[in-house]
Amino acid sequence: MGTDLSHIRNIGICAHIDAGKTTVSERILYYTGKNYKIGEVHEGTATMDFLQDEQERGITIQSAATTCPWTHQGREYKINLIDTPGHVDFTIEVERSLRVLDGAVAVFDGKEGVEAQSETVWRQADRYRVPRLCFINKMDKLGASFDFSFGTLKTRLGANAIAIQYPIGQGNEFHGIIDLMRMVAYYFEGDKGETMVEKPIPDDYKETAEKWRHEMVEKICELDDSLMEKYLSDQVPTEAELKGALRKGIRERKCNGVLCGAALRNMGVQALLDAVIDYLPSPTEREHVQGTNPRDKEEALSRPHDDTGPFSALVFKVVSDTHGDLTYIRIYSGKLSKGTRLLNPGNNKKENASRIFEMHANNRIPLDEVGAGNIVAVVGIKDSYTGDTLCDPEDPIILERMTFPEPVISMSIEPKTADDKRRLSEALMTIRREDPSFRFTYDDETAQTIISGMGELHLDIIRTKLVRDMKISVEVGKPRVAYRETITKRVEYVRGKFVKQTGGRGQFGDCQIHFEPFTAAQAKEEELDFTENVAVEIKVVGGAIPKEYVPSVEHGIRQTCLSGVKFGYQMINVKATIVDGSYHPVDSSQVAFEQAGRLAVLEATEKAGPVLLEPIMKVVITVPNDYLGNVTGDVSSRRGMIIDTEDRGVVKMVTCEIPLSELFGYTTSLRGMSQGRASATMEFLEYRPMPAGLMKELVEGGAKGKK
């Protein structure tokens, strides 16, 4: 407790799969004294990959948080570090981590440069306005090239990259780094590279270092008018001036400082930590956190990052634990003491923060009190989930929520015994609490539970969790694609009339709607609510439908779109405009108008050219030249389109768009056709209409599977 806010850094390590994020994190823990030995991903001993699945598969599945100290220029700093996954199936983990971080280190492979998933992570960081440093890792790898990787930052990410280090040697020859700010060389000595030794720049690197320094100074001066004047009048800016301008540029996301090293060989990590302190912002340097008043949604509120204001925090992760759920929170303002009563303004429930922990991966240190700018885990929170706000009950605020991607793939699971059935729904609720990109529903027609997620690996890991960790025996069905429905043309004045006469009071509801294709961009332009990708506009005049029944019509329309109209899949990208109707002074009711809305949508869909949409994935395949023909032929056979082919030395990077339904088991067959030498990453791109022939086949095949 009591750390000066300007001495805190909340950072994340994020990158493409296999760029070495977790290895960088392990070195950070070792050099900051948090670990006494270095854990290795390839040996399954990495601290931050503490789940059994992570150790067996050698990948990061969930973001792990830890806190470590770092002394820089004689001052103690506190770094809250989050190691995030690189695999696209766990993109939610990156998303929620970036939402609460003040800065990030993007790690790149020194041989590959910017890869497909790095672009996704970069876009996510842009969306959450997170300032970034770039660390070009694996400079010791055969074929590593700083110049190439640095170039890809500009060409593929459009980053204003400024190199502040340059490697001494590359591949097997890599043995140190040049600091372009101070124009000295650093070497890493000792068993674990723990001693950073400063020496003069080797003679054969002086000219190269001068060239890169000249470029660095020029690009930093472009960020600051007064420095530019100084530079143009042939005065050399001081190191402090350069650092100040670069720090400001990174903080305002106008540029990105680029460093290099080889984490596995323990080179460059201490210099990276110094750069984190020098250039990434402390909580006080970020914009004030924005929110709204829960009592008046129109009133915008903002809270500065300090301990003195009313308490506000965002829940960004929930982990089920034997001793009760651990709720990870980022505190934006105020202080939190253990035992404090808090309010979740989203559901208006009171929560009790009975205990507070500073986390070190899966170990915890109890705290009595904690202030703004910190990331901690709290025990005792019962009804708050990822994206919820916790605040002072006397001074409520709702912070901006996170956006969660829609699942694109689902499969059925069936419990084997009655006991398994009883425990299954509870287990699925637990997983849903932990992972907002996971969904599950019960299909009454097939009596199956359908689980949905972001990809095959995602569902496979959930299945493993159920069977191995929660000891529930389940039978798993074949994965199924989450298709969607939409319409292709506008129809007007379609009537939905619900009349039911029984012995006593009857039911009467009548409405007319226009129904048309609609996009998110149009909804934004017209300022319409586009929840679940459906917009409803009300243009009823002259009390044709009494005011109290209009919301019922809207509810009927939305619920019908949600449960599927023509093919049994959720309907998206449509707009219904309620234009007219009639009512009965005695028989009309909310239920009747809800049914009228439903009937209007069913009728309108028939006339508006209904089609099925299928999820399309962006797939990036890295393939040696020898196997390019096999791979591109296979892409075509899967109804894929090749968008771009790029040379990367002896391999080609093929970017294509392929329907998800054609991609089950793709990684296995890709290995088969390339003798294990090709690899692929994929991410959801968009929904597109299905070819008529395939749509007919799917519908006639009795396709079920609501949403």
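- Side chains of V574 and C561 form a contact here, defined as non-hydrogen atoms less than 4.5 Å apart.
- You'll find the side chain of F664 reaches within 4.5 Å of the side chain of V481, heavy atoms only.
- Evaluation of the side chain to side chain contact (heavy atoms under 4.5 Å, CB included) rule for E662 yields R638, R639, I658, P659 as partners, not counting sequence neighbours.
- Residues I381 and V315 fail the side-chain proximity criterion, which asks for heavy atoms closer than 4.5 Å.
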Quiz prompt | Test side-chain contact (heavy atoms from CB on, under 4.5 Å) applied to I13 and V107, step by step | solution = CA-CA 7 Å; I13 308 284; V107 180; 3.7 Å; yes
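- For the pair T389 (side chain) and L399 (backbone), a donor-acceptor distance under 3.5 Å is present.
- Put simply, the side chain of S669 gets close to the backbone of Y666: a donor and an acceptor are under 3.5 Å apart.
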Exercise. Mind running side-chain contact (heavy atoms from CB on, under 4.5 Å) on L101 and I11 for me, showing each step along the way?
Key: CA-CA 6 Å; L101 293 172; I11 65 160; 5.5 Å; no
Self-check item: Check against salt bridge (Lys or Arg N to Asp or Glu O under 4.0 Å), R132 and D126
Solution: CA-CA 9 Å; R132 273 146 284 171; D126 279 340; 2.8 Å; yes
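- Heavy-atom minimum distance, V635 versus M641: CG1-N, 4.4 Å.
- Taking every heavy atom of both residues into account, F567 and V611 meet most closely at CE1-C, 3.9 Å.
- L314 is not listed as a side-chain neighbour of I329, based on a closest heavy-atom distance of 4.5 Å or more.
- Atoms CG and NZ, from L390 and K349 in turn, are 13.5 Å apart once rounded to the nearest 0.5 Å.
- With hydrogens and angles ignored, the 3.5 Å screen pairs a side-chain donor or acceptor of D388 with a backbone N or O of Y385.
- Using a 4.0 Å cut-off between a side-chain N of Lys or Arg and a carboxylate O of Asp or Glu, R9 and D102 do not qualify as a salt bridge.
- Within the 4.5 Å cutoff, the side chain of K618 has heavy atoms near those of the T655 side chain.
- Ring geometry for Y569 versus Y483: interplanar angle over 60°, hence perpendicular rather than tilted (30 to 60°).
- Pairing each heavy atom of L466 with each of A427, the nearest pair is CD2-CB, 3.8 Å.
- Looking at N137, its side chain does come within 3.5 Å of a backbone N or O of A263 through a donor-acceptor pair.
- Side-chain N or O atoms of T340 include none that pairs as donor or acceptor with a backbone N or O of L336 at under 3.5 Å.
- A donor-acceptor pair is defined here as one N or O able to donate and one able to accept, closer than 3.5 Å; no such pair exists between the side chain of N10 and the backbone of I79.
- Across I375 and N80, no two heavy atoms sit closer than the pair N-ND2, 3.6 Å.
- Interatomic distance, L459 CG to S452 OG, rounded to the nearest 0.5 Å: 7.5 Å.
- Looking at F684 and M617, their side chains come closer than 4.5 Å, going by heavy atoms from C-beta outward.
- From S384, atom OG reaches atom CG of N347 across 6.0 Å, with rounding to the nearest 0.5 Å.
- Geometrically, R355 does not engage F357 in a cation-pi contact, judged by NZ or CZ lying under 6.0 Å from the ring centre and within 45° of the ring axis.
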Exercise. Give the intermediate values and the outcome of side-chain contact (heavy atoms from CB on, under 4.5 Å) for residues M571 and V534.
Key: CA-CA 8 Å; M571 178 165 273; V534 174; 5.7 Å; no
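- The two residues I621 and C656 have their closest heavy-atom pair at CD1-SG, 3.8 Å.
- Judged by distance alone, the side chain of R484 and the main-chain N or O of L613 form no donor-acceptor pair under 3.5 Å.
- Residue I356 comes nearest to V370 through the heavy atom pair CG2-CG1, 4.0 Å, listed as atom of the first residue, atom of the second, then distance.
- With 3.5 Å as the limit, one finds no donor-acceptor pair spanning the side chains of N344 and K350.
- Within the 3.5 Å criterion, the main-chain N or O of S661 finds no donor-acceptor partner in the side chain of E614.
- Rounding to the nearest 0.5 angstrom, the gap separating the CE atom in M429 from the CZ atom in F440 is 5.5 Å.
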Exercise. May I have the step-by-step check of side-chain contact (heavy atoms from CB on, under 4.5 Å) for V623 and V654, ending in yes or no?
Key: CA-CA 8 Å; V623 55; V654 183; 4.1 Å; yes
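- Atoms OG and CD1, on S636 and I642 in that order, are 5.5 Å from each other to the nearest 0.5 Å.
- Remark: E475 does not engage R463 in a salt bridge, criterion side-chain N to carboxylate O under 4.0 Å.
- Between the side chains of Q570 and E532, at least one donor-acceptor pair of N or O atoms lies under 3.5 Å.
- Put simply, CG on N374 and NZ on K78 are 3.5 Å apart, with the number rounded to the nearest 0.5 Å.
- Using a 4.5 Å heavy-atom cutoff, the side chains of L424 and L428 are in contact.
- Judged by distance alone, with hydrogens and angles left aside, the side-chain atoms of T486 form a donor-acceptor pair with the main-chain N or O of I572 at under 3.5 Å.
- Between F438 and I451, the closest side-chain pair of non-hydrogen atoms falls below 4.5 Å.
- With a 6.0 Å radius and a threshold of 12 heavy atoms from other residues, nucleotides or ligands, E686 has its CD atom above the threshold.
- Side chain of S425 to main chain of K421: no donor-acceptor pair is present (N/O by atom type, distance under 3.5 Å, no hydrogens or angles).
- The salt bridge (charged side-chain N to carboxylate O under 4.0 Å, His left out) test applied to E657 returns R688, not counting sequence neighbours.
- The side chain to side chain contact (heavy atoms under 4.5 Å, CB included) search around R422 returns D419, not counting sequence neighbours.
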